[in-house]
Structure formats: structure tokens, C-alpha cells
S.K.: 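Handing you this structure, nothing more for now.
All values below were derived from every heavy atom in this structure, side-chain atoms included, with hydrogens, water molecules and symmetry-related copies excluded. Sequence lines set the chain letters: A, B, ... in the order given, protein chains first and strands last, and positions in each chain run from 1. A quick note: this is a predicted structure, and the numbers were derived from the prediction, not measured.
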2 protein chains.
Amino acid sequence: MSRQMVRPGGRSARVQASVHAAVRELASEVGRDALTVPLIARRAGVTPSTIYRRWGDLQELLSDVAVERLRPDTAPNDHGALSSDLTAWAEQFLDEMASPTGRAYIRDALLGDPDGSNAGQCSAYAAEQIGLVLTRATERGERTPEVETVIDRVVAPMMYRILFRPDGLDATYARRLAAEVLGQTGP
Amino acid sequence: MSRQMVRPGGRSARVQASVHAAVRELASEVGRDALTVPLIARRAGVTPSTIYRRWGDLQELLSDVAVERLRPDTAPNDHGALSSDLTAWAEQFLDEMASPTGRAYIRDALLGDPDGSNAGQCSAYAAEQIGLVLTRATERGERTPEVETVIDRVVAPMMYRILFRPDGLDATYARRLAAEVLGQTGP
DNA sequence: ACCTTAAAGCAAAATCATTGCGTCTAGCGA
DNA sequence: TCGCTAGACGCAATGATTTTGCTTTAAGGT
């Protein structure tokens, strides 16, 4: 059961929104590393114990906020061909995720996440976007790989390098991965 | 500059060893989540301020210990053929890393790691082991993929799923990835 | 409209993190 | 070998955060 599953309306929802907003505001004002629970609580007009009881600790709260910000806000662009769509999506994904901000969000999402549900949500977002791209391609009559294949061959390598080898990542790498996974689809 | 770069002998080294040992002991006694700096300090016979000054905070200390424990203790077994060697290595890697303990270490290594050097070290360990396997194969006259290819096609997918989709991982998956990266080497 | 109960507020107590200062010792050059 | 010196540690005071018991509020159901 996720942290978002609170009573949908009323005070709880207001508190949640207000705390999330406080995190975002303060993160941009004083920086991600200067955040503390009492600071966030003051800005949100809430007592610290409320945050501790609802989220457990700062990491879990930041994890929640991070997942929210990692949710794609728009469907992938349609360029009329699978190869363009997938390449463009991979480039944009890498660009967003490999930035210092993006990497901080990924780490936060992974961190305060004992059961892995927040991380799973991130993966689900990516799978959803890829599913859209592939479905459109299928409707055009193109042969497409499986979503899982694209995850293994495009998303996973990018994420691995973002997390474990933050150097030397650029759009060329994203393009190459996209091209390789498609090149293998039909001989 | 890594945390291991302390004065190699004498008191500093003793403190480092004693603190690392305290972390490992307490982690298995009271559980990873119950660790605190004062607790570790008491067990190590050291004052908390020593730990704070040397490591900064609990996360960085745990990150150090995690990297140490993620270092492979032995060279990959030699089965006489690349396909067996790589499959066996991937199976063992997944088995170790996908366990709750392994995942905790990976997360710790990623976490308290502002500059990414600890995570880079983990990746380097894997690259080293794979390099050994591939070199042996080359010496036998087998055609081999590049280390980077194996990282992208075998290590990255396993790591991605360990971190983002902890369910449904088994040795079959590791074998399939190993087989696929080799199947593509020479048509 | 009342009742029930999850969630929030409040405040005290406990624990943890930070910092200044004195002491010690490993490593180095004479 | 014998001091130097600078980095590392211990100690203790201070400040901040986290935890907890109890009370109060308000959402959602009857």
C-alpha cells in the first residue's frame, strides 16, 4: 500500500499536498541537502510529528516526492516511425535522467523505499511510455520488439550507467541502444 | 579521494578496521535498520565524533562497508568454455545481488556516495570479473564480445531489475541474458 | 445529526549530530 | 635515533532532530 493511499479528500489530502509542496519549494530554495523534517514541517504549516508518523523519515518522504516528479507529464511524441519515436524517447529519457537533478530524484526514489514499490512505479512509468510507442508502431504495421526487450536493452543500460558510471553519457549512446534493439527485430 | 585512503598503518587503520567490524557485527545482530552512529561507535570502542569526522554520516559509512562486501572474493570459475563461464558467472552474480542482503548492500553503496565513486567501484568489480572470463576465452581462441557489451546486455538488465523490479528474478533470466549476448557474437 | 476512528496537534523526553579545544601518535626529516 | 608537525582522536558542551504519550480535530458512515 502506497503512501498516496490516504483518505482521498479532506484534511489528510491537504496535509499531503502541503507537505509535498513544501518539499519542492524548499528543495529549490535551500537545496536538496539542506532539507530537514522540521524545516519542511514549518513551511507546510504542520508539526514534525505528523511527518514522522505518516512517512517514517525524511528519506521516505523524499522518495514519495521523487516518484511524483519522475512521472512523465506527456505522451511520447509521434514522429511517424518506430525508429524515430524510440530514438527520440530514449534521448529524452537519458537527458532528463542523467542530469544532476534527475539522478538525485532517482536516488531518492530508490532510497527511502524498503519494499521497492516506489522504484517499481518508476519502472512502470517507463514501461508505459514504451508500450505507447510500440503500440503505435504496431498499428502502423511495423514489426516491434516486446516491451520487456526494450527495457532490457535500452532502459536498463542507460539506468545502469546513470547510477554506476555517471561519466561519458550522451545522446549518441541512447541512439545506439535504440538502433540496436530495433536492428535485431527483423533480419 | 576514497575513504580507504587513510594513513595506511597505525591508529587510523585500527580505528577504520574496528568501525567496519562493528558495523558488520551489529548489522547481523540488530539488523541493518537499527544501526546508528553512537551504537556503532560504542561497539567499536570509539567516540561518535570520530565517525562523524571521518565518514560524515551513517550513510557514507554504510556505503564504504557495502562496497567492501561487494568486492568479489574469488576469480570466476573456469569451466573450459566461454558460454559456461559467463553463464555461471551471471547466475552467481544474480544470486548474490538479488538476495535481500545483496540488495541492501547495493542500495547502501549507491546511497551515501555523493560523487559516485563507490558505485563506480562496484561496476569496476563486475567489469574486472567479466574481463577475466573474456580474456580466458580469447586465449582459448574463442570469439568474444566486448566487456562493455556484456555490461550492457547482462549486468545492466540484472541490476535494473534488482533495483527497480525485485520480483520474478531467477537463474533462468541470468542464463538467457548470457546466452543472448553470446548468440550474437558470431553468426 | 451523531458516532467512530484515523489522523493531526502539542509538548516533554530521549537520542543524535555538530563543534571547539586539548591530547596523542604516526610519519618524516635531520 | 630523536625530536617536529600535522592529522586524527577523545572529551564535553551545545544545538538539532526524532520519538512518544496524550489530547483534539474532522472525515466518513449510519
S.K.: Just how far, in rounded Å, is C1' of dT25(D) from CZ of Arg11(A)?
M.R.: 5 Å
S.K.: May I have the distance from Trp55(A) (atom CH2) to dA8(C) (atom P), rounded to whole angstrom?
M.R.: 7 Å
S.K.: Who are the salt bridge (charged side-chain N to carboxylate O under 4.0 Å, His left out) partners of Arg136(B), not counting sequence neighbours?
M.R.: Asp78(B), Asp85(B)
S.K.: Is the shortest side-chain N to carboxylate O distance from Arg153(B) to Glu180(A) below 4.0 Å?
M.R.: no
S.K.: For Phe164(B), give me all partners under ring pair (Phe, Tyr, Trp, His ring centres under 6.0 Å), at least two apart in sequence or on another chain.
M.R.: Tyr160(B)
S.K.: When only distance counts, do a donor and an acceptor, one from the side chain of Ser49(B) and one from the base of dC11(D), lie under 3.5 Å apart?
M.R.: yes
S.K.: Are Leu35(A) and Val19(A) linked, directly or through other ILVMFWY residues, by side chains that come within less than 4.5 angstrom of each other?
M.R.: yes
S.K.: List in numerical order all residues of residues 30-41 of chain A for which some heavy atom is under 4.0 Å away from an atom belonging to DNA chain C.
M.R.: none
S.K.: Verify, without hydrogens or angle tests, whether Arg175(A) (side chain) and Glu91(A) (backbone) share a donor-acceptor contact under 3.5 angstrom.
M.R.: no
S.K.: At under 4.0 Å, does any side-chain N or O of Thr50(A) touch on OP1 or OP2 of dA8(C)?
M.R.: no
S.K.: Is there a donor on the side chain of Arg53(A) or the base of dG9(C) sitting less than 3.5 Å from an acceptor on the other?
M.R.: yes
S.K.: Under a 4.5 Å side-chain heavy-atom rule over Ile, Leu, Val, Met, Phe, Trp and Tyr, are Leu132(A) and Ile151(A) clustered together?
M.R.: no
S.K.: Under 4.0 Å: is that the gap between some side-chain N or O of Arg14(B) and OP1 or OP2 of dA26(C)?
M.R.: yes
S.K.: Using only heavy-atom distances, decide whether a donor-acceptor pair under 3.5 angstrom links the side-chain of Arg54(B) to the base of dG7(D).
M.R.: no
S.K.: Specify the separation, in whole Å, of atom CD1 of Ile51(A) and atom C1' of dT20(D).
M.R.: 17 Å
S.K.: Let me know the distance between CG of Asp57(A) and P of dT20(D), rounded to the nearest Å.
M.R.: 13 Å
